[in-house]
Amino acid sequence: MTRRVFTYEEAIALLPEVQRLTAETAERLEELTSEDVTESEKLIGQWAESMIALGLEVKGLWLVDFDSGAGFYCWRHPEPALEYYHGYDEGFSGRVKLN
């Protein structure tokens with residue numbers, strides 16, 4: 001699969017869809033009982049597949065990166081906006097706030 005590279009404007013335009021899909025899945029997950037492990041795994045897998053289909057990289061539960069070609073715009077649910085960036089080598093712990 002070819003990696004998708006996003007401008008900041010493209011990432012911001014896609015963010016509402018990412019937020020909607022993530023919030024819906026998180027809400028559905030919260031409604032499950034602890035015995036519904038298989039259903040939980042299924043929901044999380046479907047969420048991850050939908051993020052990958054949009055061209056994002058899934059880095060953790062409710063954590064995605066938009067590849068900028070020089071690093072990643074980083075978003076984690078329930079952040080209200082796309083406000084963080086990190087290089088390819090830094091990862092989540094190296095996130096810096098965008099201006």
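Sequential numbering from 1 along the given sequence is applied to the chain's residues.
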Testing the basics here: between D67 and R3, what is the closest heavy-atom pair and its distance to 0.1 Å? OD2-NH1, 2.9 Å
Determine, using ring centers only, whether Y8 and Y73 are less than 6.0 Å apart. yes
Value for CG (L82) from CD (E9), rounded to nearest 0.5 Å, stands at 10.5 Å
Side-chain polar contacts of residues 12-20 - donor-acceptor pairs under 3.5 angstrom, sequence neighbours left out - could you list them?
residue	atom	partner	partner atom	Å
E17	OE1	R20	NE	3.2
E17	OE1	R20	NH2	3.3
E17	OE2	R20	NH2	2.7
Q19	NE2	E79	O	3.3
Q19	NE2	P80	O	3.2
R20	NH1	E24	OE1	3.1
R20	NH1	E24	OE2	2.9

Measuring from L29:CG to I44:CD1, what's the distance to the nearest 0.5 Å? 5.0 Å
Give a yes or no answer on whether the side chain of E90 reaches the backbone of G87 with a donor-acceptor pair at less than 3.5 Å. yes
Between CD of E30 and OG of S40, what distance do you get to the nearest 0.5 Å? 11.0 Å
Is L32 close to V37 at the side-chain level, that is, under 4.5 Å between some pair of heavy atoms? no
Do side-chain atoms of E10 reach the backbone of T7 as a donor and acceptor pair under 3.5 angstrom? yes
Between Y88 and F72, how do the two ring planes meet: parallel, tilted or perpendicular, split at 30° and 60°? perpendicular
Is any side-chain heavy atom of W62 closer than 4.5 Å to one of T25? yes
Tell me whether E57 is salt-bridged to K59, with the criterion being a basic N under 4.0 Å from an acidic carboxylate O. yes
Side chains of L63 and C74, heavy atoms from C-beta outward: is any pair under 4.5 Å? yes
side-chain contact (heavy atoms from CB on, under 4.5 Å) partners of V58, counting only residues at least two apart: W47, A48, M51, I52, V64
Are V96 and H86 close enough that some pair of their side-chain heavy atoms sits under 4.5 Å apart? no
Hey, does F92 have a side-chain heavy atom less than 4.5 Å from the side chain of R76? yes
Working to the nearest 0.5 angstrom, can you tell me the gap between L98 CG and Y84 OH? 9.5 Å
Geometric cation-pi criterion, K97 with Y85: 6.0 Å, 45°: no
Mind listing the closest non-hydrogen atom pair of G69 and V5 along with its distance? N-CG1, 3.6 Å
